[in-house]
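Naming: A, B, ... by sequence-line order, numbering from 1 per chain.
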2 protein chains.
Amino acid sequence: MRNTRAAVLVGDLLRTYAKPLSIQELHEHVRAHLPSTAYSTVYRIVGRLEAAGRVHRVDWRERGSRYEWSGLPHHHHIVCSLCGRSVDLDDADLGFSEERVRAATGFLVDHHSIELEGICPSCQR
Amino acid sequence: MRNTRAAVLVGDLLRTYAKPLSIQELHEHVRAHLPSTAYSTVYRIVGRLEAAGRVHRVDWRERGSRYEWSGLPHHHHIVCSLCGRSVDLDDADLGFSEERVRAATGFLVDHHSIELEGICPSCQR
DNA sequence: GCATCTATTGCAAGTTACTTGCAACAAGGC
DNA sequence: GCCTTGTTGCAAGTAACTTGCAATAGATGC
């Protein structure tokens, strides 16, 4: 994968922002630095990053599908339904283990996705 | 909401099948009994059922969005990535509690969605 | 049962977000 | 610098989902 200007901008933002971003949001970011960049370019960069395993997709129901840097430790998200901010949670915070699912169902778990929505502490005030 | 023939077919299938179904699948079922039924009719019936709270949407990533009868006890699913069959899991099977999330993050949880994918016991053989 | 009212339907067209073909372009190796 | 080939911008193409509208059919009251 070539280090084109747009690809570097997309990769850097995903890596440093460390939260899921939509292609729209990535596109806006790239255009701020390289105004001629097309949506389809960002779309394809993200596809390449995903194929290379450097990024993975996250679905936030009403908020659409988003992409997050894969180098982060495994975690899930809780998104504030008022302000949209997200906080990370790991399996231990949730009491989750694949072992437990295995015991309950006999399934060998490949993949799990946990998405939570609620009101964050600051919006509760 | 009127008890039209198509709406009764959709509602009955969702209630008795008790597993998430796509609009496509519901449409095929309705057409088997009422061949003239349009996709958009099923689409709107499901929308009405959802608005009435009798059905809710479930997202199964690659398998698309599906709808499930709401009268069932709260649960999640693990879907076999080979045969597509799903098994229900409740929060206790997962060790999950909103209280725990509250303690870890301070968020008031509105809604949570947990979807698992793996290999079912019979496909493991 | 029959008339009436209005939700519901079928059809076709519209919208949206996502995908792709292709010729021009530019990153990286030599 | 020059060439090779991955990338880009543009515009057009999909597929799935939505909607407008005139015709239809549940439901209600008589």
Reading nucleotides 18-30 of chain C from the 5' end, what letters show protein touch, with B for base, S for backbone sugar-phosphate only, - for no heavy atom under 4.0 Å?
SBBBB---BBS--
Keeping Gln124(A) on the side-chain end and Ile119(A) on the backbone end, is there a donor-acceptor pair under 3.5 Å?
yes
Under the rule for salt bridge (Lys or Arg N to Asp or Glu O under 4.0 Å), what residues qualify as partners of [X], not counting sequence neighbours?
X        : result
Arg66(B) : Glu25(B)
Asp12(B) : Arg15(B)
Arg61(A) : Asp59(B)

Relative orientation of the end axes in the helix from dG1(C)-dC30(D) to dC30(C)-dG1(D), expressed as an angle to the nearest 10° (five pairs per end)
40°
Taking all heavy atoms of Cys80(B) and all of Arg63(B), pick out the closest pair and write down the distance.
O-NH2, 3.3 Å
Looking only at heavy atoms, what is the nearest atom pair of Thr37(B) and Arg31(B), with distance?
O-NH1, 3.6 Å
If the condition is ring pair (Phe, Tyr, Trp, His ring centres under 6.0 Å), which residues does [X] pass it with, not counting sequence neighbours?
X        : answer
His77(B) : Trp60(B), His75(B)
Tyr43(A) : none
Trp69(B) : none

Is Leu116(B) isolated, or which residues cluster with it under the ILVMFWY side-chain rule of less than 4.5 Å, directly or via members?
Ile78(A), Val87(A), Leu89(A), Leu94(A), Phe96(A), Val101(A), Phe107(A), Val109(A), Ile114(A), Leu116(A), Ile78(B), Val87(B), Leu89(B), Leu94(B), Phe96(B), Val101(B), Phe107(B), Val109(B), Ile114(B)
Which residue pairs satisfy the salt bridge (Lys or Arg N to Asp or Glu O under 4.0 Å) criterion with at least one member in residues 87-97 of chain B, sequence neighbours excluded?
Lys19(B)-Asp88(B)
Pull out every residue in residues 25-34 of chain B that has a heavy atom closer than 4.0 Å to any atom of DNA chain D, ordered by number, or say none.
none
Any residue in residues 46-57 of chain A with a heavy atom nearer than 4.0 angstrom to DNA chain D? Just list them by number, or reply none.
Arg48(A)
Thr41(B) vs dG10(C): side-chain N/O to OP1/OP2 distance below 4.0 Å
yes
Are more than 12 heavy atoms from other residues, nucleotides or ligands located less than 6.0 Å from atom CZ of Arg85(A)?
no
